*Asks:* 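Here it is, the structure, as C-alpha cells.
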Amino acid sequence: MTESEGYNPTIKELPSSERPRERLLHYGANALSTAELRTGIRDENVVRVAQRLLATFDGLAGLARANPPELMAERGLGLAKTAQLKAALELGRRLLVASPADRPQIRSPADAANLVLSEMSLLDQEQLRVMLLDTKNRVLDIQTVYAGSLNTSLIRVGELFREAIRANCASLIVVHNHPSGDPTPSPEDVAVTRQIVEAGKLLDVDVLDHLIIGQQRFVSLKERGLGFG
C-alpha cells in the first residue's frame with residue numbers, strides 16, 4: 001500500500017525525531033499540534049501524578065515552569081508521564097489564550113471552584129488569587145496576588161484590582177485556600193470580603209464571589225451571605 005492509498009504509520013513506526021513525545025521533550029510543548037498534544041494525555045494516572053507534584057513545585061505555575069529533566073527526577077515520572085504532563089499543561093495554557101468562545105464560563109460557584117480546586121487544595125501555604133472575567137463571565141486569566149501566610153491586615157485591597165483594571169475586565173472572583181483543609185470562613189475572611197466588595201463598587205468592578213478552598217471542598221461566601229449585601 002502506498003501513502004496515496006491512505007496508509008498512516010503508527011507512532012512506533014515513525015522515526016524517533018518525528019514522534020510527538022520526543023518532539024515535545026526536545027522542542028517544547030508549543031511545537032506540537034493540538035491533536036498531537038491530546039495523544040499524550042489519555043492515561044488518567046498522569047493526573048494523579050500531577051496533583052502530587054503541585055506541592056513540590058509550589059503550584060501549577062511552578063509545575064509549568066519545570067523543565068523535563070527536573071520532572072523526570074521526581075519519583076514515578078519517566079519520559080512517558082513527563083511528556084503527558086507537559087502536554088496537559090500546554091493544553092491548559094492554550095485554553096486560556098483561545099478565542100473567547102472557548103474560554104471557561106462561570107455559571108456557578110462550583111464552576112469557578114472546579115478550575116482551581118485540585119491544585120489549591122494541595123498547597124501547603126496560603127495563596128490568594130483573582131479570577132478575571134469578561135462581560136459573559138468567561139475566564140480571562142487567573143492570577144496569584146499573595147502567597148504565604150495571609151495576615152488579612154497586610155492585604156492591600158487595591159492589589160486585587162490592579163490587573164482587573166489593566167485588563168478592563170467586567171468582574172472578578174477572589175479565591176484563597178486554607179492549608180488546614182477546613183474551608184470554614186474566619187471572621188477575618190468575612191471582614192476582608194466586605195472590604196473587597198466595597199472597593200469593587202468604587203472601581204466599577206463587580207466582585208461576584210469569594211471562594212475558600214479546603215481539602216477537596218470549598219465554601220462560597222456569596223452563597224452564605226458573608227461579606228456581601
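Just so we're clear, the structure is a prediction, and the values are computed from it rather than from any experiment. When a residue number appears, it is its place in the shown sequence, counting from 1.
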*Asks:* Compare every heavy atom of P185 with every heavy atom of V190, then report the nearest pair and how far apart it is.
*Replies:* CG2-CB, 4.4 Å
*Asks:* Do M72 and L79 have side chains that approach each other closer than 4.5 Å (heavy atoms only, starting at C-beta)?
*Replies:*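 Contact flag for M72/L79 side chains = yes.
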*Asks:* Any side-chain heavy atom of I142 sitting closer than 4.5 Å to one from V116?
*Replies:* yes
*Asks:* Say whether T184 and D182, considering side chains only, have a donor N or O and an acceptor N or O under 3.5 Å apart.
*Replies:*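 Looking only at side-chain atoms, D182 and T184 do form a donor-acceptor pair, the distance falling under 3.5 Å.
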*Asks:* Does the side chain of E74 reach to within under 4.5 Å of the side chain of F57, using non-hydrogen atoms?
*Replies:*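 The answer is yes, as the side chains (C-beta and beyond) meet within the 4.5 Å cut-off.
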*Asks:* Do L226 and D189 have side chains that get closer than 4.5 Å, going by heavy atoms?
*Replies:*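 The answer is no; the side chains never approach within 4.5 Å.
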*Asks:* Taking the side chain as every heavy atom from C-beta outward, state whether P104 and D111 have any atom pair closer than 4.5 Å.
*Replies:*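 No; the side chains remain at least 4.5 Å from each other.
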*Asks:* Can you check whether V192 reaches E188 side chain to side chain, under 4.5 Å on heavy atoms?
*Replies:* no
*Asks:* Just so I know, are the side chains of V139 and M131 near enough to count as touching, which here means a heavy-atom distance under 4.5 Å?
*Replies:*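 Yes - at least one pair of side-chain heavy atoms lies under 4.5 Å apart.
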*Asks:* Are the side chains of F161 and V207 in contact, using a 4.5 Å heavy-atom criterion?
*Replies:* yes
*Asks:* Locate the shortest heavy-atom distance separating L140 from C169; write the atom from each residue and the value.
*Replies:*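 L140 and C169 have their closest heavy atoms at CD1-CB, 3.8 Å.
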*Asks:* As a quick check of understanding, evaluate side chain to side chain contact (heavy atoms under 4.5 Å, CB included) for I173 and L211, giving each step before the final call.
*Replies:* CA-CA 8 Å; I173 294 173; L211 304 179; 4.2 Å; yes
*Asks:* Run the side chain to side chain contact (heavy atoms under 4.5 Å, CB included) test on L132 and E163 for me, step by step, so that the C-alpha distance in whole Å, both residues' side-chain angles and the decisive distance to 0.1 Å come before the verdict.
*Replies:* CA-CA 8 Å; L132 307 181; E163 292 302 321; 4.1 Å; yes
*Asks:* Could you tell me whether the side chain of D134 and the main chain of K136 form a donor-acceptor pair under 3.5 Å?
*Replies:* yes
*Asks:* Measuring from N177:CG to L123:CG, what's the distance to the nearest 0.5 Å?
*Replies:* 5.0 Å
*Asks:* Does any N or O in the side chain of D209 come within less than 3.5 Å of the main-chain N or O of S220, such that one atom is a donor and the other an acceptor?
*Replies:*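 Side chain of D209 to backbone of S220, a donor-acceptor pair under 3.5 Å: no, none is there.
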*Asks:* In Å, rounded to the nearest 0.5 Å, how long is the span from CG of L122 to CD1 of I213?
*Replies:* 11.5 Å
*Asks:* Working to the nearest 0.5 angstrom, can you tell me the gap between R162 CZ and E159 CD?
*Replies:*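 The CZ atom of R162 sits 4.0 Å away from the CD atom of E159.
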*Asks:* Provide the closest heavy-atom pair for E126 versus P179 in the form atom of the first, atom of the second, distance.
*Replies:* CG-CD, 3.3 Å
*Asks:* Rounded at 0.5 Å granularity, tell me how far NZ in K222 sits from OG in S108.
*Replies:* 12.5 Å
*Asks:* Identify the residue among V130, V175, V174 that makes a side chain to side chain contact (heavy atoms under 4.5 Å, CB included) with V145.
*Replies:*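 Looking at V130, V175, V174, the match for V145 under the side chain to side chain contact (heavy atoms under 4.5 Å, CB included) is V130.
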*Asks:* Could you give the distance from CG (L133) to CZ (R103), rounded to the nearest 0.5 Å?
*Replies:* 11.0 Å
*Asks:* Could you tell me which non-hydrogen atom of T193 sits nearest to which non-hydrogen atom of F228, and how far apart they are?
*Replies:*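 In this case the closest contact between T193 and F228 is CG2-CE1, 3.5 Å.
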*Asks:* Do you know the tightest heavy-atom contact between S121 and Q215?
*Replies:* O-OE1, 3.4 Å
*Asks:* Nearest 0.5 Å please: distance from the OH atom of Y146 over to the CZ atom of R129.
*Replies:* 15.5 Å
*Asks:* Please lay out, stage by stage, how H176 and Q127 fare under the test side chain to side chain contact (heavy atoms under 4.5 Å, CB included).
*Replies:* CA-CA 5 Å; H176 87 274; Q127 286 191 8; over 6 Å; no
